Amino acid sequence: GVGWAIGQLLCGWLADRIGARLTLVSTMVVAAVVLVLMAQAGSFPALFLGAVVTGIVYDAPRPVLGAAIADLVPDPARRARLDAFR
């Protein structure tokens, strides 16, 4: 939960700073590496850290997609309908 909450803020910030595509690619690479390392972790601190990092990058597409919709759809009413749909 903590990783997810941090990830929403961090991934939204990254999408604004470095771009949506680079944010998605980098978070998915981090997720792949961390999940492989977690499979071999044997201690609680390593598993806990891996779980936090996985939580941070797990839902990266949500804020990135929200930022893309905000950039591409200028009409607030239409943007609200798109956000509600997803």
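Hydrogens, waters and symmetry mates are skipped; everything else that's a heavy atom, side chains included, is used. What you are looking at is a predicted structure, and each value in this text was computed from that prediction instead of being measured.
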What about [X] and [Y], same hydrophobic cluster or not, with Ile/Leu/Val/Met/Phe/Trp/Tyr joined at side-chain heavy-atom distances under 4.5 Å?
X	Y	answer
V2	Y58	no
V36	M28	no
L22	V30	yes
I6	W13	yes
F48	W4	no

What's the separation between atom OG in S26 and atom CG in L14, rounded to the nearest 0.5 Å?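 Taking OG in S26 and CG in L14, the distance rounds to 6.5 Å.
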Once rounded to the nearest 0.5 Å, what's the spacing between atom CZ of R78 and atom CD1 of I69?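 Separation between the atoms: 10.5 Å.
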If you link ILVMFWY side chains whenever their heavy atoms are less than 4.5 Å apart, which other residues fall into the same cluster as V64? By chain and number, please. L24
For [X] and [Y], work out which heavy atoms get closest and say how close.
X	Y	answer
T23	C11	CG2-O, 3.9 Å
M38	L47	O-CD2, 3.7 Å
A70	R79	CA-CD, 3.6 Å

With sequence neighbours left out, which residue pairs that include part of residues 39-61 fulfil the salt bridge (Lys or Arg N to Asp or Glu O under 4.0 Å) condition? D59-R62
With heavy-atom distances below 4.5 Å as the criterion, would you say the side chains of T54 and L35 are in contact?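 They are in side-chain contact.
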